[in-house]
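Note that the structure is a prediction, hence the values are computed from the model and not measured.
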Amino acid sequence: MKIGDAFRIDGKIALVTGGARDLGYDMAEALAEAGARLIITSRSLQSAEKAAVKLRSETGTEVLPLALDQRTHDAVKHTVGRAHEWKGRIDILVNNAGGGGGPSSGPAHLFERNPAEAIDLITVNLIGALHCCQEVGRIMAAQKSGKIINIASMAGMMGRDRRMYENNQMKGQPIDYAAAKAGVIGMTMDLAGLLSPMGIYVNAISPGGFGPRGVPDGFARDYNDNTPLGRMGRDGIDLKGVVVFLASQASDYVTGHNLVVDGGFSIWH
């Protein structure tokens, strides 16, 4: 097999949750550029449809946009069912939907954290990802093949120096985000053990900071100074090759792995 061919996924059907923006969009675009046909989801169908138009225009691939709020199993089952009906198979799942709590959410500090917000964040990032693995995993098991790529975070691997946030008047990410992403990493390893005999690969990607997207200049400088490569990840560039590797034949002897994409941030901490 030629190495260039190993990274091609022509004709594969890829489902990217949260694929309408940011890193989710980048990964969807990369898979399309490598030959896949796409299903992308967003909580907002309008957002998914808008992204689908852009992806079709830029890559020439077929794209099915669907709405998905993965906090409930019924919603996941319904959306995965529609995704499966589209082409009769799902070859790749990029389990990306989630988030760390935006500016509109409440306080992030553990002692001030609203328990309901913590539960919701864990539900979206961990339980929702588990729902997707369960429902897409059934399909892949019947096919006897598939690649599941769970999006975790370096936050699930290490404790962080909150002074970087405090010194720049930022609330930072809550502890429950780290707990959820650590759960995604553990889930990935155990799922790989369960599903490998069925022909299904399960790996994770743990990104570091990407952007900067609207963060104060001081925070960006502090982050860069604490990163061996001296910068944040670049949107549209630094995650694309990673997801294609894990989705393609190039990674056919890799499972249960957490691939860290953080410019070396975690090795200094």
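Of the possible polar contacts, one joining the Asn203 side chain to the His257 backbone as a donor-acceptor pair under 3.5 Å is found. Of the possible polar contacts, none joining the Asp120 side chain to the Ala116 backbone as a donor-acceptor pair under 3.5 Å is found. With Ser206 contributing its side chain and Val260 its backbone, the two residues share no donor-acceptor pair below 3.5 Å. Here the side chain of Thr79 pairs no donor or acceptor atom with the backbone of Val76 at under 3.5 angstrom. In terms of modelled atom types and a separation under 3.5 Å, the side chain of Gln143 and the main chain of Ile90 share a donor-acceptor contact. In this structure a side-chain-to-backbone donor-acceptor pair under 3.5 Å is missing from Thr227 to Leu229. Between the side chain of Thr41 and the backbone N or O of Leu66, no donor-acceptor pair lies under 3.5 Å. The main-chain N or O of Ile119 is found under 3.5 Å from a side-chain atom of Thr123 such that the two form a donor-acceptor pair. Side-chain atoms of Thr17 come within 3.5 Å of backbone atoms of Ala97 as a donor-acceptor pair (strictly under, hydrogens ignored). One N or O on the side chain of Asn168 and one on the backbone of Met164 form a donor-acceptor pair closer than 3.5 Å.
The line from CD of Glu85 to CZ of Arg82 is 8.0 Å long, rounded to the nearest 0.5 Å. Note: Ser248 OG to Tyr201 OH = 10.5 Å, rounded to the nearest 0.5 Å. Rounding to the nearest 0.5 angstrom, the gap separating the CE atom in Met154 from the CE atom in Met157 is 9.0 Å. Between the CZ atom of Phe210 and the CD1 atom of Ile237 there is a distance of 9.5 Å, given to the nearest 0.5 Å. For the atom pair CH2 of Trp86 and CG of Leu15, the computed distance is 10.5 Å after rounding to the nearest 0.5 Å. Distance check, rounded to the nearest 0.5 Å: CZ of Arg162 to CG of Leu110 gives 9.5 Å.
Using a cut-off of 4.0 Å between Lys/Arg side-chain N and Asp/Glu carboxylate O, Asp238 and Lys240 are scored as not salt-bridged. A salt bridge is defined here as a Lys NZ or Arg NE, NH1 or NH2 lying under 4.0 Å from an Asp or Glu carboxylate O, and Asp91 with Lys147 fails to meet this definition. Salt-bridge formation is not detected for the pair Asp26/Arg21: no Lys NZ or Arg NE/NH1/NH2 atom is positioned less than 4.0 Å from an Asp or Glu carboxylate oxygen. A salt bridge is absent between Arg163 and Glu166: the closest approach of a Lys/Arg side-chain nitrogen to an acidic carboxylate oxygen does not fall below 4.0 angstrom.
Of all heavy-atom pairs spanning Gln173 and Ala155, the tightest one is OE1-CB, 4.3 Å. Of all non-hydrogen atoms in Ala247 and Ser251, the two that sit nearest each other are N-OG, 4.4 Å. Counting all heavy atoms, side chain and backbone alike, Leu121 lies closest to Pro174 at CD1-CG, 4.0 Å. Annotation for Leu45 and Pro65: closest pair CD1-O, 3.9 Å, computed over non-hydrogen atoms. Of all non-hydrogen atoms in Tyr223 and Asp262, the two that sit nearest each other are OH-O, 4.5 Å. The minimum heavy-atom distance between Ser196 and Thr255, with the atom names listed, is OG-CG2, 3.6 Å.
A donor-acceptor pair shorter than 3.5 Å cannot be found between the side chains of Asp222 and Asn167. Side-chain atoms of Gln70 and Arg43 include no donor-acceptor pair closer than 3.5 Å.
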Intermediate values then yes/no, side-chain contact (heavy atoms from CB on, under 4.5 Å), His109 and Lys171: CA-CA 7 Å; His109 193 285; Lys171 68 178 183 178; over 6 Å; no
Chi angles and distances behind the salt bridge (charged side-chain N to carboxylate O under 4.0 Å, His left out) call for Glu135, Lys77: CA-CA 6 Å; Glu135 292 307 314; Lys77 186 174 183 179; 5.5 Å; no
Arg231 vs Arg234, side-chain contact (heavy atoms from CB on, under 4.5 Å): CA-CA, chis, key distance, verdict: CA-CA 9 Å; Arg231 63 173 176 82; Arg234 297 166 295 181; 3.3 Å; yes
Ile175 vs Arg113, side-chain contact (heavy atoms from CB on, under 4.5 Å): CA-CA, chis, key distance, verdict: CA-CA 9 Å; Ile175 293 291; Arg113 185 76 167 140; over 6 Å; no
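Within the 4.5 Å cutoff, no side-chain heavy atoms of Leu93 are placed close to those of Ile149. At a threshold of 4.5 Å between non-hydrogen side-chain atoms, the residues Ile127 and Arg71 do not count as touching. Between Asp235 and Arg213 there is a side-chain heavy-atom pair separated by less than 4.5 Å. Taking 4.5 Å as the limit, some side-chain heavy atom of Asn150 sits within range of a side-chain heavy atom of Cys133. Contact annotation: the side chain of Met198 never approaches that of Ser145 to less than 4.5 Å [non-hydrogen atoms, C-beta and beyond]. No side-chain heavy atom of Leu23 sits under 4.5 Å from any side-chain heavy atom of Ile151. For the pair Leu31 and Leu38, the minimum side-chain heavy-atom distance is below 4.5 Å. Residues Arg221 and Asn224 have side chains not in contact (no heavy-atom distance under 4.5 Å, counting atoms from C-beta outward).
Under the 4.5 Å side-chain heavy-atom criterion for Ile, Leu, Val, Met, Phe, Trp and Tyr, Ile200 and Ile39 are members of the same hydrophobic cluster. Leu195 and Ile185 fall into different hydrophobic clusters, where Ile, Leu, Val, Met, Phe, Trp and Tyr are joined by side-chain heavy atoms under 4.5 Å apart, directly or via other members. Cluster membership check: Ile92 shares its hydrophobic cluster with Val63, using side-chain heavy-atom separations under 4.5 Å among Ile, Leu, Val, Met, Phe, Trp and Tyr. Using a 4.5 Å cut-off between side-chain heavy atoms of Ile, Leu, Val, Met, Phe, Trp and Tyr, with links allowed through other members, Leu246 and Leu239 fall into the same hydrophobic cluster. Tracing side-chain contacts under 4.5 Å through hydrophobic residues (I, L, V, M, F, W, Y), one never reaches Met27 starting from Ile148; they form parts of separate clusters.
More than 12 heavy atoms of other residues, nucleotides or ligands sit less than 6.0 Å from atom CD of Glu58. Surrounding CG of Asp217 are at most 12 heavy atoms belonging to other residues, nucleotides or ligands under 6.0 Å away. Residue Asn114 places its CG atom among more than 12 non-hydrogen atoms of other residues, nucleotides or ligands, all under 6.0 Å distant.
Ring geometry, His73 versus His131: the interplanar angle exceeds 60°, so the pair is classed perpendicular (tilted spans 30 to 60°).
Connectivity analysis of hydrophobic side chains (ILVMFWY, heavy atoms under 4.5 Å, direct or indirect) links Trp268 to Ile267.
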